[in-house]
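To start, the structure under review is shown below, and the notes come after it.
Note that the structure is predicted; figures quoted are calculated from it, not measured. Below, read A as the first sequence line, B as the second, and so on, with proteins coming before strands; counting in each chain starts at 1.
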Amino acid sequence: MPSHTHPARGMRDFLPDDVRRRQYVIDIVRRTYERYGFEPLETPALENIETLTGKYGEEGNRLIFKVLRRGEHEASGETDLALRYDLTVPLARVVAEHRAQLPKFFKRYQIQPVWRADRPARGRFREFFQCDVDAIGSTSPVVEVEMIAAVSEVLQSLGFTGFDVQLNHRELLTAMLNAAGVCADRHTDALVSIDKLDKIGQDGVRAELVARGVGDAAAATCLQAFEDKPTFDRLVSQDERGKKAAENIAAIMALAEATPAKGHINFTPRLARGLSYYTGAIMEISVPDLAGSLGGGGRYDGLIGMFSGENIPACGFSLGLERILVVMTERQMFPADVQASGPDVLVTIFAADSRIESLRLAEDLRAAGFRVEMYPEADKLGKQFKYASARNAALVAILGSDEIVRGEVTIKNMKSGEQSSLPRTAVAEHLRGLRPDLGPRTDLGSRTSDLGSRTSDLDKQ
RNA sequence: GUGGGUGUAGCUCAAAGGUAGAGCACCGGACUGUGGCUCCGGACGCUGCGGGUUCGAGUCCCGUCAUCCACCCCA
């Protein structure tokens with residue numbers, strides 16, 4: 001027998017209250033994405049390892065969870081499969097594979113877990129959910145704008161007000177670094193350092209740049225560019241691609257004025273983003289009390305071509321579910337009915353010989369759409385009430401010997417303490433009048449039925 | 001992967017080398033047809049795990065695992 005019962009490192013069990021909070025967020029994300037015309041996609045947890053390797057940069061490669069080959073190869077440590085690291089690369093594979101069956105401008109959303117062999121930290125896990133939207137087939141800035149708009153609307157619907165969409169462009173950074181005299185093979189390192197300007201300051205970045213092999217003069221020019229907008233513009237406009245990138249960013253920001261993202265977008269020259277497949281606009285969303293980001297994305301016009309040979313433009317954004325949950329939980333942003341869930345009615349059992357009467361009542365109330373829990377044993381009523389209280393039941397139904405003789409049921413409101421007896425046949429109608437907030441919760445059913453089917457399959461294995 | 005903190009009852013934490021405790025939660029009773037409040041009682045532990053020092057280790061040392069924080073990186 002195992003000595004401990006913790007889930008594996010960086011993995012979590014979700015108890016009912018956790019699941020309800022997650023589903024509440026996922027539901028809003030999905031409904032918003034749907035309204036923006038995105039369609040659902042699901043892909044397998046496992047991919048062939050060559051599908052994933054070489055897409056995420058050096059650090060990303062290291063963090064891929066690999067699966068040993070089965071059978072005789074197992075002993076050698078050889079690996080042929082890996083757990084997906086994100087939802088973007090699988091999408092690129094799907095587009096390359098099913099191009100003919102997909103619309104010209106394929107817009108999809110995907111809400112599934114991904115895995116990274118990272119070291120767990122606050123808001124960071126080894127298994128976590130991403131909520132991705134991507135649009136395939138167009139280079140128009142309208143694509144970026146809709147992406148940012150959809151994500152902004154999700155956050156607003158969840159109750160976020162102070163979020164910040166940071167926008168930048170890979171080509172802009174490339175042009176700037178070239179003009180500053182940073183040689184091409186130092187670009188990635190330089191960007192990682194520059195990304196830390198807020199955190200470690202100018203001198204810190206300068207030291208890091210030099211340590212990473214960027215010359216003193218080039219480092220100084222870079223830092224000046226981030227300090228002084230005219231310098232930045234001058235450096236960037238020295239080549240054609242830089243100019244076009246600047247125009248692209250300007251277009252995105254102007255068009256976004258017509259969307260829910262209005263007032264939230266900031267051009268952020270220092271934003272770099274780690275994944276290597278980005279080629280154009282890059283973006284990230286952050287809120288004040290979280291060190292990392294709530295999500296990020298960008299344009300990756302070359303990724304699909306790595307699978308199909310044919311370059312198909314694409315752009316996407318990914319929201320991190322657990323990052324959102326961390327902040328929402330801390331700020332208590334969940335509605336009351338999501339925080340405290342319980343049955344509408346708990347039906348008690350007065351004595352063993354009246355069990356069947358209690359069951360009949362429970363079934364009637366269920367048919368009327370209420371969420372009904374049967375207390376399974378004929379314990380004394382005090383215990384049954386105590387349980388109802390602990391379960392957060394709104395109402396308790398009692399069918400004692402007196403009630404059964406009179407053809408009545410006693411209903412007690414657990415919050416107010418009021419209770420009344422009424423004819424057995426009038427119970428459902430009465431309950432509806434008593435607590436109009438109770439009853440059928442259509443959204444709960446659909447939440448569970450069409451989400452995460454793949455994850456539940458995985459759980460069973 | 002690097003540096004640091006913390007691991008004791010289900011939970012939050014005491015016990016400063018000498019008999020492992022409290023609060024909350026749990027169970028039972030006061031209250032044999034009514035939860036929350038009160039009172040009384042009960043159960044609760046290989047002190048993360050393995051080694052070492054010592055007459056004696058929850059306490060000191062080494063290792064290991066877990067967890068948290070800061071880096072690194074990221075959603």
5′-ward residue of the pair A:Phe128/A:Gly10 relative to RNA chain B:
A:Gly10

Atom pair distance, as rounded to whole Å: [atom1] in [X] and [atom2] in [N]:
X        : N      : atom1 : atom2 : answer
A:Asn61  : B:rC72 : CG    : C1'   : 17 Å
A:Leu294 : B:rC74 : CG    : C1'   : 13 Å
A:Arg124 : B:rC69 : CZ    : C1'   : 13 Å
A:Asp118 : B:rG1  : CG    : P     : 11 Å

All ring-ring contact (aromatic ring centres under 6.0 Å, His included) counterparts of A:Tyr387, not counting sequence neighbours
A:Tyr375

Going by atom types alone, do [X] and [Y] pair a side-chain donor with an acceptor below 3.5 Å?
X        : Y        : value
A:Glu403 : A:Ser421 : no
A:Tyr36  : A:Glu153 : yes
A:Ser318 : A:Asp132 : yes
A:Asp86  : A:Tyr277 : yes

If you measure from the [atom1] atom in [N] to the same atom in [M], how many Å do you get, rounded?
N      : M      : atom1 : result
B:rU67 : B:rU32 : C1'   : 49 Å
B:rA22 : B:rG42 : P     : 11 Å
B:rU19 : B:rG58 : C1'   : 14 Å
B:rC39 : B:rC13 : C1'   : 26 Å
B:rC44 : B:rC11 : C1'   : 13 Å
B:rG56 : B:rA20 : P     : 16 Å
B:rU6  : B:rG41 : C1'   : 36 Å
B:rU47 : B:rG7  : P     : 15 Å

Pairs counted as Watson-Crick or G-U wobble with both distances under 3.5 Å: what dot-bracket string results for RNA chain B, using | for bases tied to another strand?
(((((((..((((....[..)))).(((((.......))))).....(((((..]....))))))))))))....

I'd like to know if A:Glu127 pairs up with A:Arg12 as an ion pair, taking the criterion as any Lys NZ or Arg NE/NH1/NH2 lying under 4.0 Å from an Asp or Glu carboxylate oxygen.
no

I'd like a list of close polar pairs between nucleotides 10-12 of chain B and the protein, N/O only, cut-off under 3.5 Å.
none

Would you tell me if any nitrogen or oxygen in the side chain of A:Lys196 comes within less than 4.0 Å of OP1 or OP2 on B:rC71?
no

Establish, with yes or no, whether the OP1 or OP2 oxygen of B:rC72 is under 4.0 angstrom from a side-chain nitrogen or oxygen of A:Arg62.
no

Output all residues satisfying salt bridge (Lys or Arg N to Asp or Glu O under 4.0 Å) with A:Asp364, sequence neighbours left out; order by chain, then residue number.
A:Arg424

With sequence neighbours left out, write down each residue that passes side-chain hydrogen bond (donor to acceptor under 3.5 Å, both in side chains) with A:Glu39, or none if nothing qualifies.
none

At their closest point, which heavy atom of A:Arg212 faces which heavy atom of A:Arg186, and how far apart are they?
O-NE, 2.8 Å

Can you say whether a donor on the side chain of A:Arg323 sits under 3.5 Å from an acceptor on the base of B:rC74, or the other way round?
yes

Would you state whether a donor and an acceptor, one from the side chain of A:Arg119 and one from the base of B:rC73, lie under 3.5 Å apart?
no

Can you confirm whether A:Gln332 is buried at CD, in the sense that more than 12 heavy atoms of other residues, nucleotides or ligands lie under 6.0 Å from that atom?
no

When every nucleotide of nucleotides 27-38 of chain B is labelled 5' to 3' by its protein contacts under 4.0 Å (heavy atoms), B for base, S for sugar-phosphate only, - for none, what sequence of letters results?
-SS---BBBB--

Which is true for A:Val192 with a 4.0 Å heavy-atom rule: it touches a base, it touches only sugar-phosphate, or it touches nothing?
sugar-phosphate

Between the main-chain N or O of A:Ile349 and the side-chain N or O of A:Arg355, is there a donor-acceptor pair closer than 3.5 Å?
no

Between CZ of A:Arg323 and CZ of A:Phe129, what distance do you get to the nearest 0.5 Å?
16.0 Å

